[in-house]
Amino acid sequence: MALLTAGLAGCAGMSSKIARLEVGTPRDQVVDRLGPPDSDRNMIGFEVMSWIDRRPGRFSFSHQDYTVVLKDAKVVQFGPGLVRRDGKTSLQIETGDP
């Protein structure tokens, strides 16, 4: 039972942590709150950090990607999903929902 409770707490953990971010949050505070990113790269002048929230399922592990986009070391976008280039000078986080 304790393992199940810990697993459920972990599932909500990343989504609740990222929901507390705000546009303008400094990069060091993002890493303090979310931990080290699973991926950190630069795209057209933006820093893109991503975390994979792995969740145990009945037969396998599923995951949800969370992305934070920074410009000049401050948050400009954040949320669930992966980032894609949206034109020559902007990025967009896509959730995969229709």
Side-chain angles (χ1 to χ4, degrees):
M1 186 59 112
L3 184 59
L4 178 63
T5 303
L8 291 175
C11 291
M14 183 57 77
S15 64
S16 64
K17 288 177 185 178
I18 204 161
R20 290 191 299 253
L21 292 179
E22 296 178 3
V23 170
T25 302
R27 182 189 193 284
D28 59 337
Q29 286 184 17
V30 172
V31 174
D32 285 346
R33 290 180 189 176
L34 303 180
D38 293 308
S39 169
D40 189 358
R41 64 190 188 278
N42 288 303
M43 292 178 70
I44 61 171
F46 294 90
E47 181 179 8
V48 179
M49 298 191 300
S50 300
W51 289 261
I52 300 172
D53 189 17
R54 292 168 184 84
R55 292 176 261 161
R58 187 170 187 175
F59 300 107
S60 67
F61 281 88
S62 63
H63 75 277
Q64 172 67 52
D65 297 295
Y66 291 90
T67 301
V68 176
V69 179
L70 302 106
K71 181 75 171 177
D72 300 323
K74 300 216 185 272
V75 173
V76 293
Q77 289 185 59
F78 60 93
L82 296 172
V83 73
R84 73 168 175 84
R85 199 168 168 165
D86 188 30
K88 290 185 178 183
T89 60
S90 62
L91 301 175
Q92 180 67 42
I93 297 173
E94 289 191 338
T95 62
D97 293 337

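Residues take their numbers from the sequence shown, with the count starting at 1.
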Could you grab the distance from atom CZ of Phe46 to atom CG of Leu70, nearest 0.5 Å is fine?
10.0 Å
Worked check of side-chain contact (heavy atoms from CB on, under 4.5 Å) between Arg41 and Val83
CA-CA 11 Å; Arg41 64 190 188 278; Val83 73; 3.3 Å; yes
With a 3.5 Å distance limit and no angle check, can you tell me whether Gln77 reaches the backbone of Leu91 through a side-chain donor-acceptor pair?
yes
So CG of Asp28 and CZ of Arg33: to nearest 0.5 Å the spacing works out to 10.0 Å
Return the CD1 to CG distance between Ile52 and Asp38, rounded to the nearest 0.5 Å.
5.0 Å
Report the distance from atom CG of Leu82 to atom OH of Tyr66, rounding to the nearest 0.5 Å.
12.0 Å
Out of curiosity, does Val48 fall in the hydrophobic cluster containing Val75 (side-chain heavy atoms, cut-off under 4.5 Å, transitive links)?
no
Quick check: is Val69 connected to Leu21 through a chain of hydrophobic side chains (ILVMFWY, heavy atoms under 4.5 Å apart)?
no
Quick one: list whatever passes side-chain hydrogen bond (donor to acceptor under 3.5 Å, both in side chains) with Glu47, sequence neighbours left out.
Arg27
If you look at every heavy atom in Gly24 and Lys74, which pair is closest and at what distance?
O-CD, 3.5 Å
Interatomic distance, CD@Gln29 vs CG@Leu34, rounded to 0.5 Å, equals 11.0 Å
Looking only at non-hydrogen atoms, find the nearest pair between Gln64 and Gly81 and report the distance.
NE2-N, 3.6 Å
Do you reckon Ile93 sits in the same ILVMFWY cluster as Met14, going by side-chain contacts under 4.5 Å, direct or chained?
no
Distance from Ile18 atom CD1 to Thr67 atom OG1, nearest 0.5 Å?
7.0 Å
Which atom names give the shortest non-hydrogen contact between Lys71 and Gly45, and what distance separates them?
NZ-O, 3.2 Å
Taking Trp51 for its side chain and Ser39 for its backbone only, find out whether a donor-acceptor pair lies under 3.5 Å.
no
Report whether Phe78 and Val31 are members of the same hydrophobic cluster (ILVMFWY, side-chain heavy atoms less than 4.5 Å apart, transitive linking).
yes
Single-linkage hydrophobic cluster Ile44~Val76, side-chain heavy atoms < 4.5 angstrom
yes
